[in-house]
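It should be emphasised that the depicted structure is a prediction, and the values quoted were computed from it without experimental measurement. As the structure lists them, so they are numbered: ligands from 1, and atoms in each ligand from 1. Numbers here simply count residues along the sequence, with the first being 1. Note: hydrogens, waters and symmetry copies are ignored here, and every other heavy atom, side chains too, is used.
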Amino acid sequence: MKKFMIGNWKMNQSLSEINAFFNDLNLTGVNCETWIAPQALHLSTLLLKASGTNIKVGAQNISEEKSGAFTGEISPVALKDLGCSFSLIGHSERRSLFNESNAVLNKKVLLNQSLGLTSVFCVGEQLEERENGMTDAVLKHQIVEGLKNYPESALDQLIIAYEPVWAIGTGKVATPEQAEETHYGIRTVLVELFNRAGAQIPLLYGGSVKPANAEGLLSQENIDGALVGGASLKGEDFSKLSQIASKLSK
Ligand code: PEP
C-alpha cells in the first residue's frame, strides 16, 4: 500500500505563505498519497496550485447537511463540485471546541460516502483516558458510533486517523510502539465491523509528527501514514515528510 502524508493546515496560511509553501515544495520522485486540507477559504487556490501534481485537496470539516439555510457551513456537495476529494471528519478540535457528537459525525461520514468523497475519520483519547487504561474502549466507541451503517462496499472511501488528543500540537509524540499497539487495537475493531475488508482500511497516526520522528512511526506494520498539523505548514518539512512516506511505501 502507498503510505499517506496528509497535511491539516487548520486555520493557518495566508496567500503569501501558500505561495512560499509551493515554492519550497519538492515532490520529485515522491510516490505516496500526498493530501492537503487547507482552510475552506483557500480550497480553490489549493486546487489551482495542485493541478498538474499528485496532491489531493480536501476540507477540514463539512456540514452534515447537503445544502440550504445553514449560514457559515461548508456543503459537501459544493466540495465535490469544486473538485475536492476528501474531508477530515471528527478532528479532536471539532469534537471538543465545536461539540461534535458521534451521532453528528456519523451523519457526516455517511453523507460524504454517498457523495463519493473520502472521509478521513479522526479518533483519539484524552490523556486521562489513556492513564486510566481506557484507550481501546474509547476508540472502539468512537469508531462503532461514528461508522454506524457504513457500507462495506465503500471502504475504499474510508481512512481512519488515530490522533491521541494529548499528542496534538503539544510536541508530545506517541512512541512508535505505543502507536502501533493502539493501531493494532483499531485494526481489530475494524475487522470485527467489516470482516477481512476491515484489514485494508488505511490507518494514519497524527500528533506532533515531524521529519525527525516520522520514519520510526511510519515503519510500523499497522501505521499506513500520518495526519500532520504544525509540520505540514512549511514546504520544506512537508517535502521531507512526503519523501519518508514514499520511501516506506510498497
Ligand atoms: C492535527 O491537528 O491533526 C495534528 C496532528 O497536529 P500536530 O501535527 O500539530 O500535532
Side-chain angles (χ1 to χ4, degrees), residues 3-13 17 21 25 32-40 42-43 46 55-62 74 84 86-100 105 108-109 112 118-127 129-130 135 138-139 142-143 146 158-176 178-180 182-183 186 202-218 220 222-245:
K3 299 266 183 190
F4 287 77
M5 189 49 61
I6 305 187
N8 171 17
W9 283 1
K10 310 195 185 192
M11 205 168 70
N12 296 306
Q13 304 283 58
E17 286 166 334
F21 176 94
L25 190 68
C32 65
E33 294 288 343
T34 308
W35 299 11
I36 298 177
Q39 52 179 316
H42 290 151
L43 284 165
L46 258 280
I55 298 173
K56 286 189 184 161
V57 178
Q60 300 170 8
N61 174 43
I62 48 155
I74 301 159
C84 291
F86 74 95
S87 176
L88 309 185
I89 309 266
H91 188 279
S92 73
E93 286 148 22
R94 299 297 315 172
R95 290 177 187 264
S96 64
L97 302 175
F98 300 94
N99 298 321
E100 293 195 359
L105 298 177
K108 294 187 180 195
V109 169
N112 237 8
T118 293
S119 296
V120 181
F121 182 61
C122 306
V123 295
E125 83 286 3
Q126 309 275 345
L127 182 58
E129 292 167 334
R130 175 161 281 269
T135 301
V138 167
L139 299 178
Q142 291 175 347
I143 291 169
L158 182 64
I159 294 172
I160 307 289
Y162 165 58
E163 300 205 300
V165 178
W166 48 270
I168 298 181
T170 58
K172 283 188 206 157
V173 63
T175 64
Q178 257 177 339
E180 170 63 16
T182 311
H183 278 220
I186 293 173
L203 295 187
L204 316 188
Y205 168 80
S208 297
V209 174
K210 45 184 191 270
N213 59 27
E215 183 149 1
L217 289 158
L218 268 64
Q220 301 297 312
N222 285 291
I223 303 187
D224 302 312
L227 177 56
V228 185
S232 72
L233 294 171
K234 297 271 181 252
E236 207 185 329
D237 285 342
F238 196 62
S239 304
K240 286 186 195 156
L241 289 166
S242 301
Q243 281 151 12
I244 292 167

Among all protein heavy atoms, pick out the one at the shortest distance from [atom]; state its residue, atom name and that distance to 0.1 Å.
atom                   : answer
atom 4 (C) of ligand 1 : G229 N, 3.5 Å
atom 1 (C) of ligand 1 : H91 NE2, 3.2 Å
atom 5 (C) of ligand 1 : E163 OE2, 3.0 Å

With respect to T170, determine whether any N or O atom, backbone or side chain, lies less than 3.5 Å from an N or O atom of ligand 1. no

Contact atoms of ligand 1, heavy-atom distance to [X] under 4.0 Å:
X    : result
G207 : 5 (C), 10 (O)
G169 : 7 (P), 9 (O), 10 (O)
G230 : 7 (P), 8 (O), 9 (O)
I168 : 1 (C), 2 (O), 4 (C), 6 (O), 10 (O)
K10  : 1 (C), 2 (O), 6 (O)
A167 : 10 (O)

State, yes or no, whether a side-chain contact exists between [X] and [Y] at a heavy-atom distance under 4.5 Å.
X    : Y    : result
E93  : K10  : yes
F98  : N61  : no
R94  : L105 : no
N112 : K108 : no

Yes or no: does A231 have any heavy atom under 4.0 Å from an atom of ligand 1?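 False for this residue.
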
Would you call the rings of W9 and F21 parallel, tilted or perpendicular, where under 30° means parallel and over 60° means perpendicular?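 Ring orientation of W9 relative to F21: perpendicular.
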
Tell me whether the rings of W35 and F4 are parallel (<30°), tilted (30 to 60°) or perpendicular (>60°). perpendicular

Just to verify, what does H91 make a ring pair (Phe, Tyr, Trp, His ring centres under 6.0 Å) with, not counting sequence neighbours? none

Between S87 and Q60, what is the shortest heavy-atom contact and its length? OG-C, 4.1 Å

Is it the side chain (CB and beyond), the backbone, both or neither of N8 that lies under 4.0 Å from ligand 1, heavy atoms counted?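 Side chain only; the backbone of N8 stays clear of ligand 1.
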
